[in-house]
**Student:** 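Okay, here's the structure, questions in a sec.
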Amino acid sequence: MATTDDFWCQVELFTAKIREEFEVFDQRSSEIQDKEQIERKVIEKCEYIVENVVKSIVCGETPVLRIPRPPKKDGRQPNGDTLVSLGSVKGARRFTIVLHTLAQAYSHVTKGTYATRRDVYYENVALYRNQSSVDRAVEDLARMLTVPRHGLHLTITSKGLVAGCLTYTTNDGLTVNVQEANQGIMIPDGVDNILEVSSEARYILVVEKDATFQKLVEAQVHRSYGPAILITGKGYPDLPTRQFLYRLWTFLKIPVLALTDADPYGLHIAAVYKFGAIARDEPGLCVSNLAWLGILPSDLAALQLPKKALLPLTPRDCGKLASLAAHPAISGSEKWLHQIELQRHLGKKAEIQGLTHIQQEFLTTTYLPRKLRQGGWID
């Protein structure tokens with residue numbers, strides 16, 4: 001299918017809508033300012049916490065850390081804080097771990113450097129004992145300081161990949177040309193280090209699965225139906241992948257389209273990119289204009305997939321649909337709720353790979369170009 005001007009009509013209309021919705025002020029300058037404010041807040045609050053610990057010790061009192069409880073799974077905020085002191089063996093260990101993690105964050109924020117949580121763990125294995133202790137301490141510290149997790153400069157090792165028409169420059173002067181990598185490159189851990197982004201891409205396609213991402217890259221979809229940028233979080237996306245996508249979206253102001261399975265978990269992954277996790281909403285992670293391109297439950301009837309490609313919904317699937325319908329953001333979107341209700345009514349689900357039952361290359365030669373041309377997405 002030739003990508004003539006009329007092929008891009010719906011994509012260009014979506015692009016115009018997105019650019020109208022962006023604020024008049026320069027989003028990039030705003031982000032840099034926000035980053036500086038977060039870092040200043042981290043430094044000030046870390047110093048405040050340490051000062052209080054020292055004062056307690058000087059006064060002969062047992063120092064106590066007040067750690068806000070994490071949000072509940074349904075998104076509701078819990079009441080009160082957890083008090084962690086040196087009064088018990090368990091409490092003393094958690095107290096020490098949180099303070100050590102605080103020192104690590106303070107050091108990297110003041111220096112303007114970054115470290116992965118894996119690095120932090122291996123620097124003091126005897127203290128942390130396992131990786132989950134580092135992750136828990138970072139979560140505790142982010143709530144104590146009331147800052148987003150990435151503001152601590154203690155990053156997660158990224159698992160996401162990016163391919164296509166993209167060049168970016170980091171604050172240390174490194175220029176990365178993604179187009180030079182035939183199979184894509186790893187998304188950087190320290191996304192805050194990215195200062196400039198350059199691309200002629202018409203849209204960004206976020207792909208649920210690595211296998212599908214590789215198939216699209218191999219078929220050169222980002223060139224044949226582009227220029228475009230392809231991203232995968234390899235399932236549920238990690239923080240660097242979500243932050244990287246958000247950064248590209250605010251720099252480039254182009255449509256972000258999600259390609260997932262037509263099942264409750266594919267819907268959930270698309271929703272995480274657009275609305276955020278149910279129990280956590282952090283700035284700089286959610287692409288509010290993201291559109292779910294497919295595979296939509298409403299696509300299944302027209303696709304006429306064979307029975308072996310349609311799987312029955314399990315009780316767990318039905319529970320997932322119910323929890324998604326109750327998501328505060330999704331419950332306010334008639335289009336997304338309609339897809340949930342339709343899937344529940346059909347009682348069936350399908351994976352992207354199921355399109356090969358129609359034709360081996362159906363995804364790349366027919367489904368994607370048809371969707372792009374016709375605007376077959378929900379926003």
Side-chain angles (χ1 to χ4, degrees), residues 10-11 14 17-18 75 159-162 187 203-213 216 221 228-246 248-249 254-282 285-300 303 313 316-344 346 348-355 363 367-368 371-372 375-379:
Q10 293 302 316
V11 173
F14 193 17
K17 176 185 175 184
I18 288 170
K159 64 174 182 173
L161 296 171
V162 58
I187 287 172
Y203 62 95
I204 301 170
L205 183 64
V206 183
V207 185
E208 175 183 348
K209 295 177 178 177
D210 183 30
T212 306
F213 173 87
L216 296 179
V221 165
I229 298 169
L230 305 182
I231 288 177
T232 181
K234 298 182 180 179
Y236 282 96
D238 54 23
L239 285 176
T241 300
R242 293 176 59 198
Q243 193 182 3
F244 184 73
L245 177 63
Y246 178 87
L248 295 187
W249 173 62
I254 57 176
V256 178
L257 309 172
L259 177 66
T260 72
D261 290 336
D263 67 13
Y265 293 89
L267 192 156
H268 190 192
I269 288 169
V272 167
Y273 281 112
K274 182 179 179 72
F275 303 114
I278 293 177
R280 182 188 292 273
D281 182 21
E282 288 185 303
L285 294 176
C286 302
V287 178
S288 60
N289 286 121
L290 177 139
W292 188 17
L293 180 72
I295 298 172
L296 304 176
S298 57
D299 292 338
L300 296 181
L303 287 171
L313 293 179
R316 186 176 180 182
D317 290 331
C318 294
K320 171 64 74 173
L321 288 175
S323 66
L324 287 170
H327 188 299
I330 295 178
S331 62
S333 172
E334 291 185 9
K335 294 178 181 178
W336 285 69
L337 278 179
H338 173 69
Q339 296 298 324
I340 292 174
E341 291 302 321
L342 183 57
Q343 179 136 69
R344 185 181 292 157
L346 291 172
K348 301 289 183 181
K349 60 183 178 180
E351 296 183 340
I352 295 172
Q353 290 86 339
L355 296 180
L363 172 65
Y367 184 80
L368 270 178
K371 281 275 188 166
L372 290 170
W377 53 71
I378 61 167
D379 55 15

**Student:** Testing the basics here: between Leu313 and Cys318, what is the closest heavy-atom pair and its distance to 0.1 Å?
**Tutor:** CB-SG, 4.2 Å
**Student:** Quick one: do Leu267 and Thr260 satisfy side chain to side chain contact (heavy atoms under 4.5 Å, CB included)? Show the steps, please.
**Tutor:** CA-CA 7 Å; Leu267 192 156; Thr260 72; 5.9 Å; no
**Student:** Does any non-hydrogen side-chain atom of Pro255 lie less than 4.5 Å from one of Asp379?
**Tutor:** no
**Student:** Going through the distances and angles, do Leu363 and Thr212 end up as a side chain to side chain contact (heavy atoms under 4.5 Å, CB included)?
**Tutor:** CA-CA 9 Å; Leu363 172 65; Thr212 306; 3.9 Å; yes
**Student:** Taking side chain to side chain contact (heavy atoms under 4.5 Å, CB included) as the test, write out the residues that go with Ala271, two or more places apart.
**Tutor:** Phe275, Ile330, Trp336
**Student:** Test side chain to side chain contact (heavy atoms under 4.5 Å, CB included) on Lys371 and Leu257 and set out the steps.
**Tutor:** CA-CA 11 Å; Lys371 281 275 188 166; Leu257 309 172; over 6 Å; no
**Student:** Atom OH in Tyr273, atom CH2 in Trp249: separation rounded to 0.5 Å?
**Tutor:** 15.0 Å
**Student:** If the threshold is 4.0 Å, N to carboxylate O, is there a salt bridge linking Lys209 and Asp261?
**Tutor:** yes
**Student:** Working to the nearest 0.5 angstrom, can you tell me the gap between Leu230 CG and Leu161 CG?
**Tutor:** 10.5 Å
**Student:** Walk me through it: do Tyr265 and Asp317 pass the test side chain to side chain contact (heavy atoms under 4.5 Å, CB included)?
**Tutor:** CA-CA 8 Å; Tyr265 293 89; Asp317 290 331; 3.4 Å; yes
**Student:** Does the side chain of Phe14 reach to within under 4.5 Å of the side chain of Trp377, using non-hydrogen atoms?
**Tutor:** yes
**Student:** Ignoring hydrogens and angles, tell me if any N or O in the side chain of Lys274 forms a donor-acceptor pair with the backbone of Ser288 under 3.5 Å.
**Tutor:** yes
**Student:** With respect to Ser298, which candidate in Gln339, Lys335, His338, Gln343 satisfies the side chain to side chain donor-acceptor pair (under 3.5 Å) definition?
**Tutor:** Gln339
**Student:** Restricting to non-hydrogen atoms, name the atom on Gly276 and the atom on Arg242 that form the minimum distance, rounded to 0.1 Å.
**Tutor:** CA-NH2, 3.5 Å
**Student:** Measuring from atom OH of Tyr236 to atom CD of Glu208, what distance do you get when rounded to the nearest 0.5 angstrom?
**Tutor:** 8.0 Å
**Student:** Are the side chain of Glu351 and the backbone of Ala262 linked by a donor-acceptor contact shorter than 3.5 Å?
**Tutor:** no
**Student:** Within the distance-only criterion (no hydrogens, no angle test), does the side chain of Lys159 pair as donor or acceptor with the backbone N or O of Lys234 below 3.5 angstrom?
**Tutor:** yes
**Student:** What I'd like to find out is whether the side chain of Ile295 reaches to under 4.5 Å of the side chain of Leu303, using heavy atoms alone.
**Tutor:** yes
**Student:** Pick from Leu372, Ile352, Asp299: which one makes a side-chain contact (heavy atoms from CB on, under 4.5 Å) with Tyr367?
**Tutor:** Asp299
**Student:** Only counting residues at least two apart or in another chain, list the ones meeting salt bridge (Lys or Arg N to Asp or Glu O under 4.0 Å) with Lys320.
**Tutor:** none
**Student:** Between atom CG of Leu293 and atom CG of Leu368, what is the distance when rounded to the nearest 0.5 Å?
**Tutor:** 6.0 Å
**Student:** Nearest 0.5 Å, please: how far is CD1 in Ile378 from CG in Leu290?
**Tutor:** 10.0 Å
**Student:** Rounded to the nearest 0.5 Å, how far does CZ of Phe213 lie from CG of Asp210?
**Tutor:** 7.5 Å
